[in-house]
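A quick note: this is a predicted structure, and the numbers were derived from the prediction, not measured. Residues take their numbers from the sequence shown, with the count starting at 1.
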Amino acid sequence: MKRSIFILIGAVVLALVLTNVLHKEIYFNLKLEELKTKYAIEPVPSVDHRKFEILQQEFESPQDVTEACISCHTERHKEIMNSAHWNWERVSYIEGRGVEAAGKRNVVNNFCIGAQTNEQSCAKCHIGYGMTNDHYDFNNARNVDCMVCHDNSEEYHKGVSMAGYPDRSVNLSKVAQSVGQPKKNNCGSCHFNGGGGNNVKHGDLEQALLGCSREVDVHMGANGMDMSCTECHTAENHQLLGRLYSVSSENTQRATCEQCHTNTPHFDPIINRHNAKVSCQACHIPEYAKVNATKMEWKWSDAGKLEEGAPFHTEDEMGNHDYLSIKGSFKWEKNVQPDYMWFNGTADHYILGDTIKSNPVIINPLFGSHDDGESKIIPVKIHRGDQIYDKVHNILIQPRLWAAEKGDSAFWMDFDWDKAAEAGMKQIGLPYSGEYGFIETEMYWPVNHMVAPKDQSVSCAECHTRSDEGRLAKLGGFYLPGRDFNKPLDIGGLLLFFGSLAAVMIHAAIRIIVSIRNKKYEMKIIDYQSDNDLLKL
């Protein structure tokens, strides 16, 4: 009978323990539901541009469309002409330089190097018309391209090497009557295809986001929230939130996760405390280039090879160009785990004419450290390669790459590095010694898109591990529990652990000894009482 009772009690205790261990509390995140409701409602346009008589005409030029736009939107062109999208530069404070203008007009990258001397080709991603050279009139309001951002017909596109003008096949009247709030394809026409192709530069911004699943991106997934870019990158007076750190330097006008999700989006306070030093992206973007591969390496030193006097190309197993005579050799990767860096939102850049101070040359150093109160760990794509530089003056060279025809010193036509370097440096007013070589370069691209569903986010053990394959294995300057050794802390922890264990064991031993003594004492009392009872008999 007693044995059955003990078994029943044990079973009840075990059931209670298992229930407590295995039970998962279901929390209803009201904040998240509120956001879902907010962004699930599609805004209804308040204006139908098809009804405006001024737009119901055959436009002879895109500039005529601009004039029609600003006849109603009388001051908007001024806002545009005060934006970085138009000016291709920002005046900002850069650590170590002071106040300086930096942007596509003077900053170098390690993809197509720079827009300088190649404006007519690069202007395909400028929000204006007629940029044929470096003498572009940035004060001419007629050249503002309203359609590239506001076309909702999905028919507008810029022509190839047409100085920013729309392709000749575009029906300007139809597009002018189909304008509205910018959609993903408006932003993506440039930001998905920078560097010469889909997903070349960013790795987390590509054409697949136009119709992806929420497994690719929970925000832009067609079977999820299907959000547009401007729902996070909001704008006031055409000044958009968001910084592209290939050209931007200051920690201002940033688009952050916290602006919607706040600093305490989790129910677990321990996870929320991570937000002080760990960006949301570091945990919620475990990999990028999920659908199409991204370019991870570009070797300009291999460019210029010809077959029977003609340029050629080859492709890798994924169908991406791994060699182009005009550009060199490439390496592509898919489903890439990011690298991680400390970042406080500020950066420097290699500006044309800067003396080379390191090998590899860091094109855009991102500032930050554990001890900097503004810094957090962010995921980045690191693009590596090599590019042409002047051996004597020790500066990177801006070569002339594009020309409409041969004989104009452009490398993509004449395949002569010396002539391309001489022509490019002469045009931008920098010296060229005539001696060139190739030097390794690195460029950092913060990863902010392709946010995974929460059940696919980075697990604790992927960072808090002593394994060399841990995500933060290469990130130093701080103590990470589970990864690092700290002798005083480790000794203190061991002392606490073994001290607690010893205290428990000593306490148990005392309880056992006291229990044994009590039993002996009880036995003596029983024996004494038995003796007394015998005496009485």
Salt bridge (charged side-chain N to carboxylate O under 4.0 Å, His left out) between R384 and E442, worked out: CA-CA 5 Å; R384 296 178 171 89; E442 287 186 1; 3.3 Å; yes

Would V361 and Q387 count as a side-chain contact (heavy atoms from CB on, under 4.5 Å) here? Give the steps. CA-CA 10 Å; V361 180; Q387 57 202 93; over 6 Å; no

Take S153 and D151 through the side chain to side chain donor-acceptor pair (under 3.5 Å) test and state the conclusion after the steps. CA-CA 6 Å; S153 71; D151 165 51; 2.6 Å; yes

Stepwise side-chain contact (heavy atoms from CB on, under 4.5 Å) check, N272 with N263: CA-CA 7 Å; N272 282 332; N263 290 315; over 6 Å; no

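Classification of the W298-W300 ring pair by plane angle, with boundaries at 30° and 60°, yields parallel. Under the 30°/60° scheme for interplanar angles, the aromatic rings of H370 and F478 are found to lie parallel.
Note: I363 CD1 to H383 NE2 = 10.5 Å, rounded to the nearest 0.5 Å. Residue S329 holds its OG atom at 8.0 Å from CG of D322, rounded to the nearest 0.5 Å. Here the straight-line distance linking atom CG of N106 with atom CD of Q398 works out to 11.0 Å at 0.5 Å rounding. For the atom pair L209 CG and M227 CE, the distance stands at 13.0 Å (nearest 0.5 Å). To the nearest 0.5 Å, the span separating OG on S459 from NE2 on H464 amounts to 9.5 Å.
Not a single donor-acceptor pair under 3.5 Å links the side chain of H284 to the backbone N or O of A452. In this structure, the side chain of K290 engages the main chain of M450 through a donor-acceptor pair within 3.5 Å. Looking at Y288, its side chain never comes within 3.5 Å of a backbone N or O of T294 through a donor-acceptor pair. Within the 3.5 Å criterion, the main-chain N or O of I377 finds a donor-acceptor partner in the side chain of S279. S375 contributes a side-chain N or O that, together with a main-chain N or O of S369, makes up a donor-acceptor pair within less than 3.5 Å. In terms of modelled atom types and a separation under 3.5 Å, the side chain of N118 and the main chain of C122 share no donor-acceptor contact. At least one donor-acceptor pair under 3.5 Å links the side chain of H126 to the backbone N or O of G128. Distance alone, capped at 3.5 Å, places no donor-acceptor pair between the K327 side chain and the C112 backbone.
With respect to the salt-bridge test (charged N to carboxylate O, under 4.0 angstrom), the residues E258 and K376 qualify.
Shown here are the side-chain contact (heavy atoms from CB on, under 4.5 Å) partners of D226, two or more places apart in sequence or in another chain: K184. Applying the side-chain contact (heavy atoms from CB on, under 4.5 Å) rule to D455 yields the partners P453; only residues at least two apart in sequence or on another chain are considered. Here Y340 pairs with nothing under the ring pair (Phe, Tyr, Trp, His ring centres under 6.0 Å) rule; sequence neighbours left out.
For the residue pair S189 / H157, no side-chain donor-acceptor distance below 3.5 Å is found, with atom types taken as modelled. Looking only at atom types and distance, the side chain of R471 has no donor-acceptor partner in the side chain of T465 under 3.5 Å away. Looking only at atom types and distance, the side chain of R90 has a donor-acceptor partner in the side chain of S248 under 3.5 Å away. Side-chain atoms of N292 and N199 form no donor-acceptor pair, as typed in the model, at a separation below 3.5 Å. There is no side-chain donor-acceptor pair under 3.5 Å between N109 and S246. Side-chain atoms of D217 and H449 form no donor-acceptor pair, as typed in the model, at a separation below 3.5 Å.
Shortest non-hydrogen contact noted between H261 and H219 is NE2-NE2, 3.9 Å. Scanning both residues, A473 and D468, for their nearest heavy atoms gives CB-O, 3.5 Å.
A heavy-atom distance below 4.5 Å is found between the side chains of R76 and N237.
Atom NE2 of H85 is surrounded by 12 or fewer heavy atoms from other residues, nucleotides or ligands within 6.0 Å. Remark: K331 NZ is loosely packed, at most 12 non-hydrogen atoms of other residues, nucleotides or ligands lying under 6.0 Å away.
Y444 has its ring centre no less than 6.0 Å from the ring centre of F343. With ring centers used as reference points, W445 lies under 6.0 Å from F111.
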